[in-house]
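Take a look at the structure below.
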Amino acid sequence: MATSTRTTFLFLMAVLLCLQGNTCDAKDSGQPDAKPNILFIAIDDLNDWTGMLKGNPQARTPHMDRLAAKGIVFKNAHCAAPACGPSRSAIMSGIRPSTSGNYINKSSLIHNPILNNSVLLPEFFQQNGYYVCGAGKLFHGYHFNEEVKGRGFDEYFPSKTQDLPSFEGLKFSSKLPLGGWARQADWGPCHPDVTVDDHPDGKTTNWAKEKLLGGELQEPFFLGAGIFQPHLPNYAPQEYFDRFPLETIKLPEGYREGDLDDVPAAHAKMAHNPWLKRIRATNQWKPAIQAYLACTSMVDDLIGQIVDALESSKYADNTIIVLWSDHGFQLGEKERWAKYSLWERATRVNLVWVAPGVTNPGTVTNKPVNLLDIYPTLASLTGCKPPEGQLEGNDLSVLMKDVDAAWDEATVTTFGYKNYGVRSERYRYIVYENETEELYDHTKDKWEWKNLADNPEYAEIKKKMRKTLPTHHEPYGVTYVPPKRNRNGSKK
Ligand SMILES: [Ca+2]
Ligand SMILES: [Ca+2]
């Protein structure tokens, strides 16, 4: 072989070996790929008003409770931030808000260099050979639609530039007497012609069911189903409202007149909220609670359908299920109708895992955990090496294997620069940017009515809780600026 021919031959061999090396995963070599699939179910603004978390006896969520009984429910799970955008940015990047500076809904994801340079969860699984598909709200609306643009997804429903649902044609006929004080503050039964299949969450569910039952998903897969309710506006077909007759609706047990009297003024600076006052002034408190319960009931039915589809599919024995809600919601507690606070009802979330061969049915733990833990847990359960130096959460599979394993004493929620809520098994400690504080003892005060922060008896407890705070406090990141739009909604 002449030198030049031999060089060409060696080069071609090297290219072939290279190509083989790059694509030589278990599937291509004919070996069965043992990596588990992932069913990733997100719920928007669902607080602890579920059967499994027992936050309100009026709630009826038999399907989610059934799922919880099959695996492990984390009863003391909290969001990284009590707002859709920063909560989901933290879940998808595994990075704390205090590290990224992504604190509020207006914080940009892509123009934040820390987040933009991170490996987002869908990208992580794509890079690890997964087929990654999703539907509905997984990221936060415009972050996905206009910033992420489907990054990391092989397929998205309805499209890679839309994860926010359209409510067109859903709205019921009468208008609420709220004077248009907030675009999203609306609720009621859908128009009688609208069925659950027409609802955006019904469409997301049907998409997920078809994928699972079609049996043609490339394995391993990551399938995300993002359910939008019970985020406002709370529209659901009449049948769900009928499950909660208005005359039976009770106001939240956690509401107490004057509850904010012993709370530092800093909470109001963090997120002033006039909604409850307006809801009460227009006699809408009970109808609004009814709508939240009705929408949660619809969500529960839909989740039951997705889980049933998985269970009757060929993927049932090799698919991890993780179900989470992005933060809680106050329906009057602390005189608020909103998320956006560092109190229990806004930070506590639903977090359920079923991992074949790892979780044991009927497991419950009260160890403090965070939605930030989802990414490292999925990496651990699938045996995929996490991105170097990126993830700040804990691996929950440790608790799945042994609920008595050594664990962090507390978990942190951040809302805005240097405002922190810390939850241990017993206490909630809050410290605002101006150093004012709150402390609640959940063994005596589950509604967080009595602020103990000024009581010197609790000085040691506060000191201990403070030790779990992040040491770095990144300034606010770049604000997302929506594109200018024409009247018809198209970009200018
Ligand atoms: Ca949300
Ligand atoms: Ca109080």
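Throughout, numbering of the chain's residues begins at 1 and tracks the sequence. Numbering of ligands and ligand atoms starts at 1, following listing order.
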- Message: Taking the basic N atoms (NZ, or NE/NH1/NH2) and the acidic carboxylate oxygens, is any pair closer than 4.0 Å for Asp300 and Arg243?
- Response: no
- Message: When you measure from the Ca ion (ligand 2) to the N, O or S atoms of Trp449, does any of those distances fall below 3.0 Å?
- Response: yes
- Task: Check whether any N, O or S atom of His140, backbone or side chain, sits closer than 3.0 Å to the Ca ion (ligand 1).
- Result: no
- Message: Suppose you place the vertex at the Ca ion (ligand 1); what is the angle out to Asp45 OD1 and Asp44 OD1, to 10°?
- Response: 90°
- When you look at Phe329 and Trp49, which way does the side chain to side chain contact (heavy atoms under 4.5 Å, CB included) test go after all the steps? CA-CA 9 Å; Phe329 199 86; Trp49 289 17; over 6 Å; no
- Task: With Lys334 as the cation and Tyr440 as the aromatic partner, state whether NZ or CZ is under 6.0 Å from the six-membered ring centre and within 45° of the axis.
- Result: yes
- Query: Is the distance between the Ca ion (ligand 2) and the nearest N/O/S atom of Glu448 smaller than 3.0 Å?
  - Reply: no
- For side chain to side chain donor-acceptor pair (under 3.5 Å), just list the numbers for Asp186 and Tyr235, CA-CA rounded to whole Å, side-chain angles, deciding distance to a tenth of an Å, and then say yes or no. CA-CA 8 Å; Asp186 199 8; Tyr235 303 138; 2.7 Å; yes
- Tested for ring-ring contact (aromatic ring centres under 6.0 Å, His included) against Tyr375, the lone hit among Trp324, Phe124, Phe40 is Phe124
- Geometry at the Ca ion (ligand 2) - Asp259 O versus Asp262 OD1 angle, rounded to 10 degrees: 80°
- Rounded to the nearest 10 degrees, what's the angle SG of Cys84 makes with OD2 of Asp326 at the Ca ion (ligand 1)? Could you check? 110°
